[in-house]
Amino acid sequence: MIKVVKFGGSSLASAEQFAKAGDIVRSDEDRKYVVPSAPGKRNDKDSKVTDMLYDCYRAASRQEDIRISFNRIKERYNTIINGLGLKLSLEEEYKKIEKNLKDQIGEDYAASRGEYLNGKIMAAYLGFEFIDAAEVIFFDEKGHFLSDKTNKVLKKRLHSAEKAVIPGFYGSLPDGTIKTFSRGGSDITGSIVAKAAEAGMYENWTDVSGCMVADPRIIKNPKPIRVVTYRELRELSYMGASVLHEDAIFPVRKAGIPINIRNTNCPEAPGTLIVESTCHVPEYTITGIAGKKGFVAVNIDKDMMNSEVGFCRKALQAFEDNRISIEHMPSGIDTMTVFVQQEEFMGKEQQILSELHKLCKPDTLDLEGDLALIAVVGRGMREARGTAGRLFSALAHANINVKMIDQGSSELNIIIGVRNGDFENAIRAIYDIFVETRL
Ligand code: ADP
Ligand code: ASP
Ligand code: MG
């Protein structure tokens with residue numbers, strides 16, 4: 001079986017972490033293709049190399065001297081190389097990159113060098129071939145990922161390399177310019193490589209022992225999720241369970257390759273297995289809880305709205321015209337509410353309101369900002385009766401005012417809206433009722 005292994009930033013932040021990753025790769029002959037991220041933080045006060053590269057690029061665009069800040073980046077890599085005792089010099093690479101930063105050849109190019117250089121070190125350390133992602137991962141002129149072309153070229157290239165390192169996070173546009181995925185995108189590269197390699201498993205090595213029932217930054221020592229379906233994980237990651245990039249499941253999902261989230265600092269833990277479907281009975285009624293702050297509810301009221309054909313379409317038009325994507329849209333007989341991201345919405349607020357007036361002629365329009373959305377996700381909820389009842393009584397007990405409820409037709413999730421200030425307490429209350437007391 002071929003295994004593709006992706007290591008996140010904190011798993012490769014120092015020589016010590018690199019050595020752990022190296023031991024993991026060497027301990028299993030099946031681990032043939034490795035996708036590294038750029039070095040992450042070594043401690044709370046440290047910086048991610050990707051952020052340092054963005055800063056450097058912006059400083060150069062302001063014509064500032066970048067020598068000191070670029071030296072700090074070189075230091076990060078040289079410390080790793082020396083710590084591993086490698087006879088590798090990246091001096092020529094540094095010179096080229098520093099010049100390109102000064103020449104402003106592109107922000108994505110700048111950010112991608114974090115993975116590129118770490119890939120060079122990883123390849124030297126493991127004795128694997130280095131494959132530049134720019135030669136095997138492709139985007140179109142508009143920056144959309146080209147799945148078919150990538151799969152074809154990458155598959156062929158991997159056939160000719162028994163063991164290889166392919167840096168994460170970037171690929172190239174038709175003119176050869178470097179283009180990156182969105183932040184955290186090395187998870188996507190890992191998935192693309194797993195598909196092209198026809199791997200039996202995509203291992204995603206990070207700093208936690210799998211995806212937890214709730215965000216470990218909110219719940220202390222949350223329970224791990226042993227098995228989760230792609231659909232459940234997609235819901236959770238989209239709603240803020242940032243352990244895996246929300247788009248990382250697509251390439252492997254089509255190919256039916258499971259993802260195993262593992263902990264580089266605790267390789268013996270089984271982690272979380274992400275699969276297409278499973279008869280593994282979930283331990284609790286819910287599989288996981290995730291959420292995000294920073295939403296606005298746009299409430300639209302109009303008498304007899306229900307009998308006005310095309311009302312929803314007209315209302316949504318106002319958002320579409322202003323390129324605002326809609327998160328949720330609960331409705332009543334004479335009311336509808338549109339949830340949008342506050343940051344996106346704010347700049348266009350008055351334009352959208354006046355367009356709504358023009359298009360829909362509502363009786364009232366009102367806005368409520370600073371809201372958070374929480375998704376309670378679980379394939380087990382379909383079978384269990386009274387889940388919503390337990391959920392809302394737990395929130396009522398915790399004195400939390402629920403502003404919105406939306407249950408997906410798949411019965412896979414219940415989304416609730418609460419005030420930003422109630423966000424953490426709401427997650428704690430939901431975790432307590434379903435996981436701690438197992439109701
Ligand atoms: P990497 O650098 O390895 O890609 P990330 O920082 O992107 O790692 O993702 C791992 C982090 O995701 C964890 O350290 C944790 O803080 C955060 N996280 C958020 N929600 C969850 C969750 N439900 N389960 C586990 N980790 C989570
Ligand atoms: N290094 C990139 C980032 O910090 C990509 C990744 O880590 O997945 O976003
Ligand atoms: Mg990540």
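The shown structure was predicted, so the numbers you read here are calculated from the model rather than taken from an experiment. In each ligand, atom 1 is the first atom listed, and ligand 1 is the first ligand listed.
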For ligand 2, list every N/O pair with the protein closer than 3.5 Å, one pair per line with the distance.
| unit_1 | atom_1 | unit_2 | atom_2 | d |
| --- | --- | --- | --- | --- |
| ligand 2 | 1 (N) | T50 | OG1 | 2.8 |
| ligand 2 | 1 (N) | E115 | OE2 | 2.7 |
| ligand 2 | 4 (O) | T50 | OG1 | 3.4 |
| ligand 2 | 4 (O) | R183 | NH2 | 2.9 |
| ligand 2 | 8 (O) | G184 | O | 3.4 |
| ligand 2 | 8 (O) | G185 | N | 3.4 |
| ligand 2 | 8 (O) | S186 | N | 3.0 |
| ligand 2 | 8 (O) | S186 | OG | 3.1 |
| ligand 2 | 9 (O) | R183 | NE | 2.7 |
| ligand 2 | 9 (O) | G184 | N | 2.8 |

Quick one: are the ring centres of Y170 and F139 less than 6.0 Å apart? no
Can you tell me if N263 and D207 form a side-chain donor-acceptor pair at under 3.5 Å? no
Sorted by first residue and then second, give each ring pair (Phe, Tyr, Trp, His ring centres under 6.0 Å) pair with at least one member in residues 29-79; sequence neighbours left out. none
Do R253's NZ or CZ and the ring of F250 fall within the cation-pi criteria of under 6.0 Å and 45°? no
Quick check with a 6.0 Å cut-off and a 45 degree axis cone: is K292 positioned over the face of Y238's six-membered ring? yes
Below 4.5 Å, heavy atoms only, C-beta onward: do F319 and V298 meet side chain to side chain? yes
With E232, which residues qualify under side chain to side chain contact (heavy atoms under 4.5 Å, CB included), at least two apart? V228, T229, T287, V377, R379, L412
Taking a 3.5 Å cut-off between nitrogen or oxygen atoms, can you list every pair linking ligand 1 to the protein, with distances?
| unit_1 | atom_1 | unit_2 | atom_2 | d |
| --- | --- | --- | --- | --- |
| ligand 1 | 2 (O) | G9 | N | 3.2 |
| ligand 1 | 3 (O) | T206 | OG1 | 2.7 |
| ligand 1 | 4 (O) | K6 | NZ | 3.2 |
| ligand 1 | 8 (O) | T206 | OG1 | 3.1 |
| ligand 1 | 14 (O) | D207 | OD1 | 2.8 |
| ligand 1 | 14 (O) | D207 | OD2 | 3.3 |
| ligand 1 | 23 (N) | M212 | O | 3.1 |
| ligand 1 | 24 (N) | M212 | N | 2.8 |

Among side-chain atoms of Y116 and N118, is any donor-acceptor pair under 3.5 angstrom? no
Could you check whether R67 pairs with E98 (Lys NZ or Arg NE/NH1/NH2 to Asp/Glu carboxylate O, under 4.0 Å)? no
